[in-house]
Structure formats: C-alpha cells, structure tokens
Amino acid sequence: MLKRALVIAAALAWVGCAEGEQIDPSSTQAAGASTGTAGQAGVSTNGSGGSSAGDSAGSGGNNGQSGNNGQSGGGGQSGSHGQSGGNGQSGGNGQSGSAGSGGAPQGDASTGTAGHGGSAGSGGSGGASGSAGAGGSVVTTTDAGSVDGFQVLYANLKTNVRSPYIECELHAKNGGSTTAAVSDLKLRYYFTNDFAKPPQFMLNWSHVSSSGSQSDMTVTPTVNAIAPAKSNADTYIEFSLASPSHTNLSPNESADFSWQIQGPDPAQDVYTQNNDYSWDAAKSSPQPWDHIVLLRGGTVIWGAPPP
C-alpha cells in the first residue's frame with residue numbers, strides 16, 4: 001500500500017506540471033483541496049503554478065510593467081532681440097538674436113518630442129548718425145584800415161635764431177581819417193622768456209614823424225607774464241607812448257621807435273627767437289606785421305594776440 005501511494009502522488013505531480021507553464025520548485029504548495037493563492041507580480045515574467053498535489057491551480061504571474069512614456073521635449077527659448085546701435089557718427093547695426101536651442105528628448109521607453117527652436121532675435125536698429133561737430137572759430141587779423149585805419153610796421157634787427165638780444169623797430173601808423181592822442185596808443189611784443197630772468201630794456205631812438213619832420217616821443221616799457229602761457233609766448237612787453245610837443249597822431253603820421261632787450265648776462269643769457277610769437281626773421285625792413293598788437297584806449301585796433 002505504501003508503495004502504491006507513492007506512485008499515485010508522483011502521477012499527480014506530473015499532471016500539475018503539465019498544466020502550469022513554468023515550475024519554480026521552491027514555490028510548491030502543500031497537498032489539499034484548497035485552491036492555490038495567486039503568485040506575486042513579477043517584472044516581465046509569468047507567475048509559477050502551484051506544485052502541490054491535488055486540485056490547486058498554479059497562479060498566473062503578472063505581466064511586466066510597461067515602459068513609461070517619454071516626456072515631451074521642452075520648447076526652445078526664443079532668441080533675444082539684438083541691441084540697438086549706439087549714437088555717434090553713423091550708427092552701427094544691432095546684433096542679431098541667437099536662435100533658441102531645441103528641447104532634449106527624455107523618457108525610458110518612448111522618444112521625447114524635440115523642442116521647437118527659438119525664433120531668431122530681430123536685428124537691432126541702426127544708431128542715429130552723430131551730429132556734425134561745430135566748426136572752429138576763426139581768428140582774423142585786423143586788416144589795415146579796418147579799425148580807424150591804423151597798422152603796425154615791423155623791422156627785425158636781430159634775425160639770428162639764437163641771440164643775446166631781441167631788437168626791432170616799430171611804427172604805429174595812422175592810415176585813416178581820424179586823429180588819435182599819442183598817449184592813447186600802446187603796442188605789445190610777444191615772446192618766450194627762455195631764461196626766466198627780468199630783461200633789461202634799452203631804447204635806441206623814438207619820435208613822431210609828421211610831413212618830413214620829427215618830434216620827440218617817450219616810450220615806457222612794461223614786462224608782463226602771460227598766465228597761462230600762450231602758443232610761443234609766455235611774456236609780452238607793452239610800450240606806452242607820449243609826446244609833449246606832438247600830442248595827437250593825425251592821418252598819415254606815425255609814432256616810430258627802435259628798442260632792444262637783453263638778459264642780465266648776455267654772455268650766458270641767450271634767447272631762442274624762433275619760438276617767439278612776434279619774431280619774424282624774413283622782415284628785415286619795415287612791413288605790416290599782425291603779430292604786433294596796437295591798442296587805442298585799451299581796445300585792439302591792429303593785430304591779433306597769440307592764440
């Protein structure tokens with residue numbers, strides 16, 4: 001009997017194996033009439049049937065989980081607008097905006113939808129054209145006859161570029177139709193005081209010329225520093241005039257004088273004259289020269305001061 005029972009149990013176990021698709025030897029149930037419980041869901045596998053003898057049915061395994069859907073790609077960022085051109089001389093074009101990048105695909109099982117490319121930024125507007133610079137002011141020299149008809153004639157008596165002396169003759173000539181008091185007239189000679197020592201003045205001669213005759217005239221120099229210094233001039237000598245016997249300068253008359261200056265030690269104190277505003281080596285005989293300034297009552301009536 002015992003041997004027969006073992007044969008029957010083995011036959012029942014073979015039948016259970018035929019009905020289940022796969023057998024996990026470790027998942028057999030005890031013999032009995034109860035129905036076997038369903039196997040736990042496996043990942044992508046079928047459940048194993050019960051292996052116990054009897055009527056128990058093998059539990060079916062759950063299907064594996066389906067893959068998650070891929071996330072759709074994010075939309076690309078829109079391109080930034082180009083910068084507008086700056087103001088100035090013709091404006092530059094603005095930079096074009098860069099295109100947005102496409103969305104990257106994501107997801108395990110499905111392909112994410114690519115993000116849309118960002119639209120290109122619009123070009124910056126051209127900068128406004130810069131306004132034209134204003135033209136520089138023009139310094140015009142007083143023309144002979146333009147102010148009361150006066151002019152200054154100049155003759156250079158020391159034409160060497162380097163010299164211990166500055167020396168010339170000056171003629172303030174009345175070429176107009178009005179009369180001016182001699183004492184109202186002043187002349188200015190501009191130079192660079194190279195050795196920064198007070199110059200020593202000497203008057204060679206002076207007079208008022210009138211219809212072939214000459215009258216005595218005094219000349220009083222005053223040395224003045226220019227601050228700030230001008231082009232080719234940091235000093236000027238102003239000559240004040242007076243004539244006790246000929247007080248007025250009538251038309252066609254002139255106030256004439258010759259002068260010189262030197263440093264305290266002519267052997268060492270030497271002027272470099274080509275950086276002197278009022279010096280001109282080419283004028284060795286009396287000629288109109290607008291770098292000598294003539295004032296009447298404090299108003300310039302001839303010449304142009306250094307710029």
Cluster link [X] to [Y], ILVMFWY, side chain under 4.5 Å:
X: Leu249; Y: Leu241; value: yes
X: Phe257; Y: Val182; value: yes
X: Tyr165; Y: Val223; value: no
X: Ile166; Y: Val270; value: no
X: Leu295; Y: Tyr236; value: yes

message: Suppose we screen for side-chain hydrogen bond (donor to acceptor under 3.5 Å, both in side chains). Which residues come up paired with Ser258, at least two apart in sequence or across chains?
response: Asn204
field: Partners meeting side-chain hydrogen bond (donor to acceptor under 3.5 Å, both in side chains) with Lys186 (sequence neighbours left out)
entry: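 Partners of Lys186 under the side-chain hydrogen bond (donor to acceptor under 3.5 Å, both in side chains) test: none.
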Heavy-atom closest contact ([X] atom, [Y] atom, distance):
X: Ala155; Y: Cys168; result: O-CB, 3.0 Å
X: Val293; Y: Ala304; result: CG2-C, 3.8 Å
X: Pro306; Y: Ser231; result: CB-O, 3.9 Å
X: Phe239; Y: Trp259; result: CZ-CE2, 3.5 Å
X: Pro251; Y: Thr179; result: CD-OG1, 3.9 Å
X: Phe150; Y: Ala180; result: CZ-CB, 3.7 Å

Verify, without hydrogens or angle tests, whether [X] (side chain) and [Y] (backbone) share a donor-acceptor contact under 3.5 angstrom.
X: Gln273; Y: Asn160; result: yes
X: Ser278; Y: Tyr190; result: yes
X: Tyr154; Y: Asp280; result: yes
X: Asn174; Y: Gly176; result: yes
X: Ser243; Y: Asp216; result: yes
X: Ser206; Y: Met217; result: yes

Partner set under salt bridge (charged side-chain N to carboxylate O under 4.0 Å, His left out) for Glu169, not counting sequence neighbours: none
message: Could you go through Leu187 and Tyr189, starting from their C-alpha distance and side-chain angles, then the distance that decides it, and tell me whether this counts as side chain to side chain contact (heavy atoms under 4.5 Å, CB included)?
response: CA-CA 7 Å; Leu187 295 90; Tyr189 182 97; over 6 Å; no
Say you draw a straight line from [atom1] of [X] to [atom2] of [Y]; how long is it, rounded to the nearest 0.5 Å?
X: Asp234; Y: Asp276; atom1: CG; atom2: CG; value: 9.0 Å
X: Asp290; Y: Gln151; atom1: CG; atom2: CD; value: 11.0 Å
X: Glu167; Y: Gln262; atom1: CD; atom2: CD; value: 10.0 Å
X: Ile226; Y: Thr235; atom1: CD1; atom2: OG1; value: 6.5 Å

query: Do Trp279 and Tyr271 have ring centres separated by under 6.0 Å?
result: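 So the answer is no for these two rings.
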query: Can you tell me if Asp256 and Ser209 form a side-chain donor-acceptor pair at under 3.5 Å?
result: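 There is such a pair between these side chains.
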Donor on one side chain, acceptor on other, Ser210 and Glu253, under 3.5 Å: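 Glu253 and Ser210 do have a side-chain donor-acceptor pair below 3.5 Å.
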query: Parallel, tilted or perpendicular for His207 and Trp205, by the 30°/60° rule?
result: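 Aromatic pair His207/Trp205 classed parallel.
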task: Just jot down the side-chain contact (heavy atoms from CB on, under 4.5 Å) partners of Thr159, sequence neighbours excluded, or say none.
output: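 Asn156, Ala281.
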Residues forming a side-chain contact (heavy atoms from CB on, under 4.5 Å) with Ser284, sequence neighbours excluded: none
CA sep, side-chain torsions, deciding dist, call: Trp289, Lys283, side chain to side chain contact (heavy atoms under 4.5 Å, CB included): CA-CA 9 Å; Trp289 182 222; Lys283 295 177 172 58; 3.5 Å; yes
Show me the donor-acceptor pairs, under 3.5 Å and distance only, between side chains in residues 193-200 and residues at least two apart or in other chains.
from	atom 1	to	atom 2	distance (Å)
Asn193	ND2	Lys197	O	3.1
Asp194	OD1	Asn275	ND2	3.4
Asp194	OD2	Thr272	N	2.9
Lys197	NZ	Asp269	OD1	3.1

